[in-house]
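Because the structure is a prediction, the values reported are computed rather than measured. For the numbers below, each heavy atom of this structure counts, side chains included, while hydrogens, waters and symmetry mates do not.
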Amino acid sequence: RHRGPAGGEKRRGAGGGRRGGPAPAARREPAAATGPAMAVIVQRQLDADRSGVCFTVDPTAPAPDRLCIEAIWGLGAALVDGRTSPDRWMLDGAGRIVSRRIGRKRHRVPAVPGERDGARLEAVPLAAQTGSVLTADQAGEIAALALTCQALDGSPQDVEWAYEGDRLWLLQSRPVT
């Protein structure tokens with residue numbers, strides 16, 4: 001124990017060096033010596049106009065030359081849990097559109113700060129329910145993003161994406177299981 005600047009006692013902990021910093025042994029050890037670390041990503045909540053998934057192989061009949069994009073209005077929670085019927089785009093390995101089916105998107109999940117799991121649903125205006133969520137150019141942009149993820153990982157990918165205005169956001173990419 002020693003006296004602090006205000007006269008009170010301070011206790012030197014196991015990690016405290018002479019000047020209150022880390023002990024000399026801790027200073028000599030490189031951070032990587034402790035093994036792999038976990039990355040933590042902090043991203044602001046998007047107020048997505050549209051969102052969805054892109055599989056770099058068709059999940060219904062795996063074919064290496066077919067991409068499948070599913071798209072809905074709002075946040076992706078209503079797609080993941082099946083609360084709305086998405087548009088489905090099929091593209092070839094070069095990103096050219098092979099087919100498109102427009103789903104009936106009756107509801108959307110809005111971004112509501114502090115709300116968990118996208119519980120709130122809003123009705124989608126009738127004209128938008130049967131309209132296409134994406135343009136052909138946006139489908140191509142999503143396909144290119146997904147193919148880049150596949151090339152980086154070296155395996156077929158399940159890519160979650162969202163548009164906020166005209167900006168495409170990559171939310172997550174993981175191997176298809």
- Item | Distance in Å, Trp73 CH2 paired with Lys105 NZ, rounded so as to fall on 0.5 Å steps | 7.0 Å
- Work out which heavy atom in Ala139 is nearest to a heavy atom in Trp89; give both atom names and the distance. CB-CE3, 3.7 Å
- Not counting sequence neighbours, which residues clear side-chain contact (heavy atoms from CB on, under 4.5 Å) with Arg88? List them please. Thr60, Cys68, Glu70, Met90, Arg101
- Query: When rounded to the nearest 0.5 angstrom, what distance separates CD1 in Ile142 from CG in Asp137?
  - Reply: 11.0 Å
- Item | Distance-minimising heavy-atom pair for His107 and Ala123 | CD2-CA, 4.4 Å
- Message: To the nearest 0.5 Å, what is the distance between CD1 on Ile72 and OG1 on Thr84?
- Response: 6.0 Å
- Gln129/Arg104 under side-chain hydrogen bond (donor to acceptor under 3.5 Å, both in side chains): CA gap, chis, key distance, verdict: CA-CA 5 Å; Gln129 288 182 25; Arg104 182 81 183 247; 2.9 Å; yes
- Task: With rounding to the nearest 0.5 Å, note down the distance linking CG in Asp158 to CZ in Phe55.
- Result: 4.0 Å
- Query: Given Leu121 and Arg108, is the side-chain contact (heavy atoms from CB on, under 4.5 Å) satisfied, shown in steps?
  - Reply: CA-CA 6 Å; Leu121 287 175; Arg108 71 182 285 275; over 6 Å; no
- Note on the structure: Checking Ile97, Val159, Leu134 against Ile69 for side chain to side chain contact (heavy atoms under 4.5 Å, CB included), the one that qualifies is Leu134
- Message: Can you tell me how far apart CH2 (Trp169) and CD (Glu164) are? Round to the nearest 0.5 Å.
- Response: 6.5 Å
- Check whether Leu79 and Val124 end up in the same hydrophobic cluster, where Ile, Leu, Val, Met, Phe, Trp and Tyr are linked by side-chain heavy atoms less than 4.5 Å apart. no
- Does Val80 belong to the same Ile/Leu/Val/Met/Phe/Trp/Tyr cluster as Leu171, with side-chain heavy atoms less than 4.5 Å apart forming each link? no
- Given Arg66 and Asp92, is the side-chain contact (heavy atoms from CB on, under 4.5 Å) satisfied, shown in steps? CA-CA 5 Å; Arg66 289 285 185 261; Asp92 67 16; 3.6 Å; yes
Report all side-chain donor-acceptor pairs from residues 150-157 shorter than 3.5 Å, counting only partners two or more places apart or in another chain.
residue : atom : partner : partner atom : Å
Gln150  : OE1  : Thr56   : OG1          : 2.5
Asp153  : OD2  : Ser155  : OG           : 2.5
Asp153  : OD2  : Gln157  : NE2          : 2.9
Ser155  : OG   : Gln157  : NE2          : 3.3
Gln157  : OE1  : Ser173  : OG           : 2.6
Gln157  : OE1  : Arg174  : N            : 3.3
Gln157  : NE2  : Ser155  : O            : 3.1

Side chains of residues 46-54: which donor-acceptor partners sit under 3.5 Å, not counting sequence neighbours?
residue : atom : partner : partner atom : Å
Asp49   : OD2  : Gly165  : N            : 2.3
Arg50   : NE   : Val133  : O            : 3.4
Arg50   : NH1  : Gly165  : O            : 3.2
Ser51   : OG   : Gly74   : O            : 2.6
Ser51   : OG   : Gly76   : N            : 2.9

- Side chains of Val98 and Leu91: does their closest heavy-atom pair fall under 4.5 Å? no
- Using atom types as modelled and distance alone, determine if a side-chain donor or acceptor of Asp87 lies under 3.5 Å from a backbone N or O of Gly103. yes
- Do Trp161 and Leu170 have side-chain heavy atoms sitting under 4.5 Å apart? no
